[in-house]
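First listed ligand is number 1; within each ligand, the first listed atom is number 1. Excluded from the calculations below are hydrogen atoms, water molecules and symmetry mates; all remaining heavy atoms, backbone and side chain alike, are included. Position 1 is the first residue of the sequence, and the numbers go up from there.
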Amino acid sequence: MAHTFDPGSASSLEDLDRFRYLSRDELVASLDVQSDSTVADIGSGTGFYTREVAPFVGELYAVDLQDEMHDKFAEHQIPSNVELVLSPAASLPFDTGTIDAVFSTMTFHEVSAAAPAEFDRVLGPGGRLVIADWSRAGAGERGPPVGERTNADGAAKALEAVGFTIESTSERPETFMLEATSS
Ligand SMILES: C[S@@+](CC[C@H](N)C(=O)[O-])C[C@H]1O[C@@H](n2cnc3c(N)ncnc32)[C@H](O)[C@@H]1O
């Protein structure tokens with residue numbers, strides 16, 4: 001069973017070498033957002049990617065299950081358009097259809113099976129979802145054990161089951177990426 005990220009390892013999330021798995025430009029381009037978009041980052045951790053996306057959007061909610069991770073985020077400068085939100089992915093404190101785009105980096109393997117339906121709820125019709133995560137097809141050179149991961153096909157099936165349309169999937173050496181549109 002997947003386990004929740006250990007806050008004691010938070011410093012590893014700030015390693016710039018992580019951009020080899022997902023770059024800022026790749027993530028921002030996939031999100032397809034505008035400067036006034038309202039966006040949610042699910043499992044924001046120390047804010048490594050939240051801080052990269054913040055300059056390109058209007059409001060950005062940094063959602064994490066663990067207060068300790070928000071404390072780690074707060075050790076950095078929190079961008080003025082970022083709000084830290086303490087919440088599980090499967091029960092988000094946002095009204096239906098109020099979020100333009102949702103993204104989640106290296107966290108999808110940790111969220112519960114109820115999370116995809118919640119992403120669909122908070123996104124309006126045609127809202128954008130971008131998932132990047134460690135892939136079961138990877139070698140396990142970094143990240144969680146391979147057995148705790150899914151892959152692009154597994155994530156796509158879970159999202160299609162709750163009404164998402166899959167726009168693209170890609171398997172890379174260690175990670176997968178998926179772009180979807182909500183119903
Ligand atoms: C591996 S870290 C990734 C952090 C960040 N997305 C990044 O790429 O740097 C996973 C984060 O997701 C959070 N998390 C795990 N399960 C979650 C859930 N069900 N809902 C919200 N956050 C969750 C953990 O507390 C942790 O901060």
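Listed by number with element, the atoms of ligand 1 under 4.0 Å from a non-hydrogen atom of Thr105 are 3 (C), 5 (C), 6 (N), 7 (C), 8 (O). Residue contact check: Ala89 has heavy atoms under 4.0 Å from atoms 18 (C), 19 (N), 20 (N), 21 (C) of ligand 1. Counting the atoms of ligand 1 from 1 in the order shown, those under 4.0 Å from a heavy atom of Met106 are 1 (C). Numbered from 1 in the order shown, with element, the atoms of ligand 1 that lie under 4.0 Å from a heavy atom of Tyr49 read 8 (O). Ligand 1 places these atoms under 4.0 Å from at least one heavy atom of Pro88: 20 (N).
Using a cutoff of 4.0 Å between basic side-chain nitrogens and carboxylate oxygens, Glu174 and Arg142 are not scored as salt-bridged. For the pair Glu171 and Arg136, the salt-bridge criterion is not met [side-chain N within less than 4.0 Å of a carboxylate O]. A salt bridge between Arg18 and Asp15 is absent, with no side-chain N of the basic residue lying under 4.0 Å from a carboxylate O of the acidic one.
Under a 3.5 Å cut-off, the side chain of Ser182 and the backbone N or O of Gly124 do form a donor-acceptor pair. Under the 3.5 Å distance criterion, the side-chain polar atoms of Arg121 are matched with a main-chain donor or acceptor of Phe94.
For the ligand labelled ligand 1, residue Thr107 lies inside the 4.0 Å heavy-atom shell. Residue-ligand proximity: Ser87 is placed with a non-hydrogen atom under 4.0 Å from ligand 1. Ligand 1 lies within reach of Arg18, whose nearest heavy atom is under 4.0 Å from it. Ligand 1 lies out of reach of Ser112, whose nearest heavy atom is not under 4.0 Å from it.
Among the atoms of Asp41, none of the N or O lies under 3.5 angstrom from an N or O of ligand 1. Taking any N or O of Leu65, backbone or side chain, at least one lies under 3.5 Å from an N or O belonging to ligand 1.
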*Passes salt bridge (Lys or Arg N to Asp or Glu O under 4.0 Å), Glu110 versus Arg149? Steps please.*
CA-CA 9 Å; Glu110 294 185 36; Arg149 309 174 178 191; over 6 Å; no
_Candidate pair Thr181 and Leu123, rule side chain to side chain contact (heavy atoms under 4.5 Å, CB included), full reasoning_ = CA-CA 9 Å; Thr181 304; Leu123 288 166; over 6 Å; no
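Between Phe19 and Tyr49, the two ring planes are perpendicular [angle over 60°; tilted spans 30° to 60°].
Side-chain heavy atoms closer than 4.5 Å link hydrophobic residues (I, L, V, M, F, W, Y) into clusters, and following such links, possibly through other members, connects Val102 to Val63.
Of the heavy atoms in Ser44, only backbone atoms (N, CA, C, O) come closer than 4.0 Å to ligand 1.
Comparing heavy-atom distances from atom 5 (C) of ligand 1 across Ala62, Gly43, Pro7 singles out Gly43 as nearest. The heavy atom nearest to atom 16 (N) of ligand 1, out of those in Gln66, Met69, Glu110, is found in Glu110.
Residue, atom and distance of the protein heavy atom nearest to atom 27 (O) of ligand 1 are Asp64 OD2, 2.6 Å.
No cation-pi contact links Arg172 to Tyr21, judged by a cut-off of 6.0 Å to the six-membered ring centre and 45° from its axis.
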